[in-house]
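All values reported here derive from a predicted model rather than from experimental measurement.
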Amino acid sequence: MKAAVRKWEQVREFALGLPEAVEEHPWGPESGVVKINKKIFVFLGTADGPTPPGLSVKLVDEALHGHALASPGAEPTGYGLGRSGWVTVPLGEKGAPSAEMLCEWVEESYRTVALKRHVKLLDERVG
């Protein structure tokens with residue numbers, strides 16, 4: 001569980017470090033999300049809830065989406081979001097993705113929902 005919480009913290013920190021990203025709790029303290037331009041790009045939940053931490057990201061790239069769904073315990077996100085490419089990945093499962101892989105997925109999700117100017121800011125920072 002400690003490793004899952006550590007991964008969750010690394011992913012949260014990475015997401016909040018993306019250009020103009022903001023954290024909100026739209027449904028209470030256990031509903032952390034990170035947004036860009038009022039659009040959610042990662043559902044984080046909480047690291048200290050009754051269940052092990054996990055996250056949901058939007059992956060429209062077919063290869064990344066398939067890779068994420070192949071993670072232990074991963075499934076299409078509920079509430080109809082799975083039909084739009086959202087994948088929920090638990091972090092407490094044996095063989096769960098590394099923090100680096102999760103951050104790649106978060107970045108891809110960010111790129112999917114961000115405005116072109118935000119992606120440009122990110123590319124300038126990365127390149």
Side-chain angles (χ1 to χ4, degrees):
M1 181 78 155
K2 285 183 183 179
V5 170
R6 226 176 359 265
K7 275 187 208 178
W8 181 90
E9 289 169 345
Q10 287 176 293
V11 170
R12 178 180 172 271
E13 187 177 317
F14 175 82
L16 290 172
L18 294 169
E20 298 183 35
V22 294
E23 184 175 30
E24 294 182 4
H25 298 273
W27 305 284
E30 293 188 9
S31 68
V33 300
V34 185
K35 295 181 172 185
I36 181 64
N37 197 42
K38 300 181 183 173
K39 291 184 178 183
I40 297 170
F41 66 92
V42 61
F43 291 88
L44 287 170
T46 181
D48 57 5
T51 58
L55 57 84
S56 297
V57 288
K58 184 172 186 173
L59 299 171
V60 294
D61 178 274
E62 211 172 292
L64 286 176
H65 188 262
H67 188 236
L69 279 175
S71 300
E75 61 187 8
T77 303
Y79 305 104
L81 293 170
R83 288 190 299 272
S84 300
W86 285 90
V87 179
T88 298
V89 181
L91 305 183
E93 300 286 326
K94 182 177 172 74
S98 67
E100 292 77 22
M101 178 62 63
L102 294 165
C103 289
E104 284 182 33
W105 294 344
V106 167
E107 181 177 328
E108 182 63 27
S109 187
Y110 174 92
R111 289 175 180 278
T112 300
V113 303
L115 297 173
K116 288 180 183 173
R117 69 180 179 88
H118 296 122
V119 173
K120 186 175 185 234
L121 286 171
L122 179 60
D123 288 342
E124 287 171 355
R125 197 167 70 180
V126 173

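- Partners of Glu20 under the salt bridge (charged side-chain N to carboxylate O under 4.0 Å, His left out) rule, at least two apart in sequence or in another chain, are Arg117.
- One distance of note links CG of Leu121 with NZ of Lys116; it measures 14.5 Å at 0.5 Å rounding.
- At least one side-chain heavy atom of Leu16 sits less than 4.5 Å from a side-chain heavy atom of Val34.
- Pairs engaging residues 22-41 under the ring pair (Phe, Tyr, Trp, His ring centres under 6.0 Å) rule: Phe41-Tyr110 [sequence neighbours left out].
- Between Leu18 atom CG and Cys103 atom SG the span is 8.5 Å, to the nearest 0.5 Å.
- Using a distance-only test at 3.5 Å, with no hydrogens or angles considered, a donor-acceptor pair links the side chain of Thr112 to the main chain of Glu108.
- If you chain together hydrophobic residues whose side chains sit under 4.5 Å apart, Ile40 and Val119 never meet in one group.
- Taking Glu75 as the reference, nothing meets the side chain to side chain donor-acceptor pair (under 3.5 Å) condition, with sequence neighbours excluded.
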Could you list the donor-acceptor pairs under 3.5 angstrom formed between side-chain atoms of residues 81-94 and any protein atom two or more places apart in sequence or on another chain?
unit_1, atom_1, unit_2, atom_2, d
Thr88, OG1, Ser56, OG, 2.6
Thr88, OG1, Thr77, OG1, 2.8

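- Applying the side-chain hydrogen bond (donor to acceptor under 3.5 Å, both in side chains) test to pairs two or more places apart or on separate chains, those with a residue in residues 7-18 are Arg12-Glu23.
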Residues 57-68 side chain polar contacts: donor-acceptor under 3.5 Å, at least two apart:
unit_1, atom_1, unit_2, atom_2, d
Asp61, OD1, Ala63, N, 3.1
Asp61, OD1, Leu64, N, 2.9

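- Listed by chain and number, the residues in a salt bridge (charged side-chain N to carboxylate O under 4.0 Å, His left out) with Lys120 are Glu124 (sequence neighbours excluded).
- Two different hydrophobic clusters hold Phe43 and Val113 under the rule that ILVMFWY side chains link at heavy-atom gaps under 4.5 Å.
- Hydrophobic clustering places Ile36 together with Phe14 (ILVMFWY residues linked when any side-chain heavy atoms are closer than 4.5 Å, directly or through intermediates).
- For the side-chain contact (heavy atoms from CB on, under 4.5 Å) test, residues two or more places apart in sequence or in another chain that qualify with Pro26 are Glu24, Ser31, Val33.
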